[in-house]
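By convention here, the first residue in the shown sequence is residue 1. It should be emphasised that the depicted structure is a prediction, and the values quoted were computed from it without experimental measurement. As the structure lists them, so they are numbered: ligands from 1, and atoms in each ligand from 1. Computation of the quantities below employed the complete heavy-atom set of this structure, encompassing side-chain atoms and omitting hydrogens, waters and symmetry-equivalent molecules.
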Amino acid sequence: MAEPVPSAPAAPAAGRAAYAAVDLIRAKRDGRVLTASEIRWLIGAYLSGEVAEEQMSAMLMAIYFRGLEAGELRTWTSAMVDSGERLDLSGSSRPTVDKHSTGGVGDKVSLILAPLVAACGAAVPQLSGRGLGHTGGTLDKLESIPGWQATLPPADMAAILQRVGCVICAAGPGLAPADRRLYALRDVTGTVESIPLIASSIMSKKIAEGTAALVLDVKVGSGAFMRDIADARLLATTMVTLGSEHGVRTSALLTRMDTPLGRAVGNALEVEEAVATLAGKGPPDLVEVVLALAREMLALAGITADPAAVLTDGRALTRYRAMIAAQGGDPDASLPLAAHSRTVPAPASGWLRSLDARVVGVAAWRLGAGRARSQDTVSPTAGVLCLAKPGERVEAGQPLLELHADDDALAATVAGTLSGAFEIGSEPPEPVAPVIERIGE
Ligand code: URA
């Protein structure tokens, strides 16, 4: 028989140290809704060391199973924002709008989108992270450009944003420090895959960043965090609500991540593809996702402009070059190349029906393009080029994938894992649009 859920105790008197963590853990374990006062105390006491790591671990697991209801989630997110500084971008002469992707294989969208939307008249303040696991991080990609610096003092960030219209840099330690601690703890306690915890983690950083508007690219499919459309929809809706509740105009696009986006997977390889896209020679799926996100960002920013024209006439590329140079990078420098490459041939003739994003992403990660632990370094050159994409005709023996690595033996080993990455059949697959749906007002 279900036990009655106990009601919340009265809030502690002002100035008195407060609740017992174990009571709050039991309350969440048993399904009671935590009060705003309890949540704020918990996060503050965790940061000050009063709540121990093992207690917060237990709380995260209780949240994993019990969830957070809407009011709890709003307070949890606000408490994470309030744990650090909130950037003030109100001095920007252009409307601010950012984009966040939940992560995918070959997702180099930010490198194209930030300068594109800036060239259309918005200011794009993109505080980014590094990759963990099989999806790459934007900063890792940009760091393959000689001289480019990810870390900027806040004043420099604001100055570049004002001068160039876009900046992509590392989030400083002062931004939502509670998330930094909680994310590291979730990573080692099996509690990353919780929709309220993911939503509050992502949105606390974006709210603290100070952008007025935000478009979320929620990826769905084998290579994404969310493999299931219903989960992706719930995550997107939860984040859009949190954004609105915190004064950030927010919408989301659900986009497919069953196959790598574009053809390049790996740091320098993706920069090269991003620059080709800015020069009007991008792969169609990548261009479609970039333009859909750009239209959404411009609509939220209240700007009427045609991003397709700005992408093809070179204005976005000029803005990209200015953004790279402003952070010490040389946009004309040759990108580093891997010492070794190997190809994986098609075993039969026919239509390429599928190419699994997760398998390709894991291969690129094993070649050195990604990291297993946050302190690992990544190879700028390692990765995979998809020489054929689903929907294309292939002939037996034709190279399908090209692996790039600093170590030939590693490339040979990883090549051997890729036979299950694709399916060739006698019929072409049904065409699928990369953008699935929009969520927002
Ligand atoms: N990215 C984040 O920033 N937080 C999560 O919890 C998951 C992905």
Proximity flag Val192 to ligand 1, non-hydrogen atoms under 4.0 Å: no

Nitrogen or oxygen atoms of His100 and ligand 1 under 3.5 Å apart: no

Lys205, any N or O under 3.5 Å of ligand 1 N or O: yes

Nearest-neighbour protein heavy atom for atom 8 (C) of ligand 1, which is reported as residue plus atom name and distance: Phe225 CE1, 3.5 Å

Side-chain donor-acceptor pair present, Ser101, Asp107, cut-off under 3.5 Å: yes

Check against side-chain contact (heavy atoms from CB on, under 4.5 Å), Leu87 and Met157: CA-CA 11 Å; Leu87 298 190; Met157 181 209 157; 3.9 Å; yes

For atom 5 (C) of ligand 1, closest protein heavy-atom neighbour: Tyr183 CE1, 3.2 Å

Check: Thr77/His246 side-chain N/O donor and acceptor closer than 3.5 Å: no

Taking atom 4 (N) of ligand 1 as the reference point, the nearest protein heavy atom with its distance: Ser201 OG, 2.6 Å

Nearest atoms (heavy-atom pairs only) where Pro260 meets Leu355: CD-O, 3.7 Å

Test item: Glu72 and Leu34 side chains (from C-beta on) under 4.5 Å apart, heavy atoms: yes

Nearest protein heavy atom with distance in Å, relative to atom 1 (N) of ligand 1: Ile202 CG1, 3.9 Å

Thr238/Ile198 under side-chain contact (heavy atoms from CB on, under 4.5 Å): CA gap, chis, key distance, verdict: CA-CA 10 Å; Thr238 307; Ile198 295 173; over 6 Å; no

